[in-house]
Amino acid sequence: MRPIFLIGFMGSGKTTLAKALSRATGLEYIDLDAYIEARFHANVSEIFAREGQDRFRDMERRMLHEVAEFEDVIVACGGGTPCWFDNMEFMNSRGLTVRLDASHERLLERLKKGRHRRPLIRDLDDEALGAYIAAELERRNPWYSRAEATFCADRLDSLPQIQQSVKEFTTLFNIPCKS
Ligand code: S3P
């Protein structure tokens, strides 16, 4: 089976859903940020601070090309992955791309909690974070909208919600689950 690439804004639930899908289907799960961190022995914030965003995007592209070679994997991309180079076209040519869509309220709620480990938003207060999400989502939409499919990721905030979303995702995309 060709890779499934989950794309979408920070906080859209790519990692949460990929992990849960992996447990349910037996497909391997790869978090692209974690893959970069393991390869370059530094976390994403350190890479941004030491080397700058352009260098991070270059690493991200190289690691994306590497994981795209794997079979039977679900790749949770970084929020910016589709928006640099020809990454979106590349993913579309290599596997199934699914955009996770969550409402502004959900993104804000999740990112208020998770902003400290994300270099692009770590220094924003709640108000600035809300404005950043609105503006950046609009800027990124042309790339995100090139995904082959869209999946609603508003309900990933409790175990029952995650289980239900996994059921819907596997049914929608015809992915067999472990018995
Ligand atoms: C980024 C999203 C992050 C990470 C980096 C940049 C972005 O991944 O790749 O901080 O540009 O949206 P998550 O979407 O997993 O937070």
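Just so you know, ligand 1 is whichever comes first in the structure, and atom 1 is the first atom listed for that ligand. All heavy atoms count here, side chains included; hydrogens, waters and symmetry mates do not.
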**OP:** Please confirm whether Arg99 makes a cation-pi placement over Tyr144, using NZ or CZ under 6.0 Å from the six-membered ring centre and within 45° of the ring normal.
**Re:** no

Original post:
Side chain of Thr81, backbone of Cys77: donor and acceptor closer than 3.5 Å?
Top reply: no

**OP:** Look at the side chain of Asp154 and the backbone N and O of Ser103, then say whether any donor-acceptor pair between them is shorter than 3.5 Å.
**Re:** yes

Subject >> ligand 1: protein residues within heavy-atom distance under 4.0 Å >> reply: Met10, Lys14, Asp33, Val44, Phe56, Arg57, Gly78, Gly79, Gly80, Arg118, Pro119, Leu120, Arg140

Using residues 47-56 as the side-chain source, report each donor-acceptor pair under 3.5 Å to any protein atom, sequence neighbours left out, with the distance given to one decimal.
| from | atom 1 | to | atom 2 | distance (Å) |
| --- | --- | --- | --- | --- |
| Glu51 | OE1 | Arg55 | NE | 3.0 |
| Gln53 | OE1 | Arg57 | NE | 3.0 |
| Gln53 | OE1 | Arg57 | NH2 | 2.8 |

Subject >> Approximate separation, where rounding is to 0.5 Å, of Cys83 SG and Ile7 CD1 >> reply: 7.5 Å

Original post:
Distance from Met10 atom CE to Tyr132 atom OH, nearest 0.5 Å?
Top reply: 4.0 Å

